[in-house]
Amino acid sequence: MISQIAFVLVLVGAVALFAYHVRLLRKTILLGRPYESPAPVRQRWLQMLRVAVFQQRMMDKPIASAAHWVIYVGFLVVNLEVAEIVLDGLLGTHRVLAPFLGSVYDAMTVAAEVFLGLVFVAAVIFLWRRNVSKVPRFHTAEMRGWPPLDANIILWTEIFLVLALFFMNAADQVLQGRGVEPYSKVGTFPLSQLVTPFLSGLSTSSLVVIERTAWWVHILGILAFLNYIPFSKHLHIFLAFPNTYYASPEPPGKLRSLPQVTAVVKEALGLPTENGTQAEASTLGAKDVTDLTWKNLLDAYTCTECGRCTAVCPAHITGKKLSPRKILMDTRDRLEEIKRHIHRTGKWEGDGKALLGDYITPEEIWACTTCNACVRACPVLIHPVSIIMQLRQYLVMEASQAPETLNAAFVSMENNGSPWAFPAAERAKWAENLTA
Amino acid sequence: MAGKTLAAWAAAGEKPEILYWVGCAASYDDRAQRVARAFVQLLDAAGVRWGILGPEEACTGDPAKRAGHDFLFQMLALQNIQTLRTYEVQRIVATCPHCFNTLKNEYPDLGGAFEVWHHSQYLWHLIQTGRLRLPPSLSQEEVETIFHDPCYLGRGNGEYEAPRAVLRQAGVRLVEAPRSRDFALCCGAGGAQMFKEPEPGRKDINIERTEELLATGAQRIAVGCPFCMTMIRDGVKHAGKEQKVEVLDIAEILVEKLKNS
């Protein structure tokens, strides 16, 4: 009874804490400007199914994809066991699903154990790639300090949770063999049965302690991990779904025109303007994260820092300062700063700092060729170029800080209708003396 | 020649089948002008009645837009849309993927919806419909050619097949770069980089890309963009290979085939 009460308190507390941080996160993301996906709802679901549920773009890298699939499916399968653990915790029962599921229960425990083993292997592969074989994209300039630590914490936590379940099942089986109440004979455990011989010498009371401790460590670990996720790159396990749902399926070559600019330009050209397109007094482009759209901000929280974008970025490859991943990480870091402020004071009224300047330098955003390789590489449809373009718009239209040579091209485009300073009258010169 | 300015077509009380959107590069750059001439030779060979805007064409605004200057972009775009509407233009073909992308994807939101083709797509269309007849005796070449995907044709708009199909049809032996199609490396000119100095780094992007293309051993590099043309030619010169490796637009390769037959 006491353990049931303790369990309820811990469970309710952990879920409430998680819910608070999710709401805070939502509030922070919605500080962004309006955005609407141009896709019809059906197409959005299909895109999410293809890219998030079936991880289509992960397959670009087969080894990472295979290991990722294992952890993804393992997470889903083991959640069935977690559901049972939660029920047992609430009801004070032991393996409550067994009598109801019969032979299906055996299948469930077999699947869980097989995937526990596979997840263990996959996590070791990921740790190896990150720390031993040193895949280059995990070791660029922005990957120092917290980001690699975050990644390792996630992987070690997964290994730790797997081992807890493993020991729980092993002890359970020995107890089942001895006919100790309430350990009735249920489930099939293909992996943990391999270590039962090593536990068979222990006393029944020691085994009960091992089984109970593993049970509690596992569920407490999961609840702690749940509350770690909102502060971690691991948020992608949730946000990949809304992010791929809302991502625009328009060709990446397309960049939207600013409506407030259209109104001004149409007026200047003496063209009729549509009703209600009054020029808003909002900032042109983005100086801070609050000038970006909420989809850009969702992108930043969805990013799991895999670095596929940076690995294919021509500017990064040739040693420029730009790294698309850093653009997303900076956006998120700035958002976290704002989120902490909202957590303390309940609202956001600015702190004199900004994304542009305090986090991202003009040198980085001017290195982009808008080639969209980063957009193509992202497994969860994040759009780094969208953020870069909005920062450029601010620099050029609000701060008048374009590079010199670009200013010359602007002047020429205005005067000659061409970025090169040639007169329009000579446009058709190439076609002179052409004979059929 | 079956081409003249839209003003001239209108004066004659007629309309051409297509508007060839020449773009600033092919209007003013010596090397890109040769591509424009090659392309209209192909149009003539296929019997396509084509028009250009001539002095009435202005930059689509792509470099302004990618540089963050939406005012200048929209100023140019809205004026071009006015001109295009005046001549009731329906079908546009561009030899520059940046013009192509801007006309196709960004003009519709500003009230200018046209049917827009990249010249590789249009040439493939002319071949498939039998209007552009390649000599039947074309045999496959010995030399290898590598096609460098322009970002705004490939990744930007998902067209990887048309330029390759045109080249293959012309008997070109195609090889692929390690980074090709949707993972092709940029030449370094996009995003208004063509009109500014590169940011400090270890290497220029066009050098990185050209080295990759040259390393395949291909003796001809095919391009589909005037900016790529400039960047890759500079890269080939930098490698001291300009005597050994040609850089040609797909239209130029096709014209060669027609002439040599």
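Residue contact with chain B, scored on non-hydrogen atoms closer than 4.5 Å, involves the backbone and the side chain of A/Leu406 alike. Residue A/Ala408: no heavy atom, backbone or side chain, is found under 4.5 Å from chain B. At a 4.5 Å heavy-atom cutoff, the contact between A/Asp60 and chain B is made by side-chain atoms alone. Contact of A/Pro314 with chain B is made through backbone and side chain together, with heavy-atom distances under 4.5 Å. Residue A/Ala402: no heavy atom, backbone or side chain, is found under 4.5 Å from chain B. Residue contact with chain B, scored on non-hydrogen atoms closer than 4.5 Å, is absent for A/Ile365.
Taking a cutoff of 4.0 Å between a charged side-chain nitrogen and a carboxylate oxygen, A/Arg427 and B/Glu57 qualify as a salt bridge.
With B/Gln193 contributing its side chain and A/Trp366 its backbone, the two residues share a donor-acceptor pair below 3.5 Å. At distances below 3.5 Å, at least one donor-acceptor pair connects side-chain atoms of B/Glu106 with backbone N or O atoms of A/Leu255. A donor-acceptor pair under 3.5 Å is formed between the side chain of A/Lys320 and the backbone N or O of B/Lys203. Between the side chain of B/Asn101 and the backbone N or O of A/Gly253 there is at least one donor-acceptor pair closer than 3.5 Å. Side-chain atoms of A/Arg376 never come within 3.5 Å of backbone atoms of B/Phe183 as a donor-acceptor pair (strictly under, hydrogens ignored). For B/Tyr28 (side chain) and A/Pro423 (main-chain N/O), a donor-acceptor pair under 3.5 Å exists by modelled atom type. With hydrogens and angles ignored, the 3.5 Å screen pairs no side-chain donor or acceptor of A/Arg392 with any backbone N or O of B/Lys65. At least one donor-acceptor pair under 3.5 Å links the side chain of B/Asp70 to the backbone N or O of A/Leu258.
The structure places NZ of B/Lys104 at 11.0 Å from NZ of A/Lys254, a figure rounded to the nearest 0.5 Å. To the nearest 0.5 Å, the span separating OG1 on A/Thr262 from CD on B/Gln74 amounts to 3.5 Å. Of the inter-residue distances, the one linking A/Asn372 atom CG with B/Cys186 atom SG reads 10.0 Å to the nearest 0.5 angstrom. A distance of 8.0 Å separates CD1 of B/Ile205 from SG of A/Cys371, quoted to the nearest 0.5 Å.
Interface check for chain A: of the options B/His69, B/Glu208, B/Met75, B/His98, the most heavy-atom pairs under 4.5 Å are formed by B/His69. Chosen from B/Ile52, B/Asp29, B/Asn105, B/Ile207, the residue pairing most often with chain A at heavy-atom distances under 4.5 Å is B/Asn105. Highest contact tally toward chain A, considering only B/Gly156, B/Pro198, B/Ala77, B/Ala45, is held by B/Gly156 [criterion: heavy-atom pairs under 4.5 Å]. Among the candidates B/Pro55, B/Gly201, B/Cys24, B/Cys151, the residue making the largest number of heavy-atom pairs closer than 4.5 Å to chain A is B/Cys24. Among B/Gly54, B/Ala67, B/Ala58, the residue with the largest count of heavy-atom pairs under 4.5 Å with chain A is B/Ala67.
Ring centroids of B/Phe195 and A/Trp420 are separated by less than 6.0 Å, placing the two rings close together.
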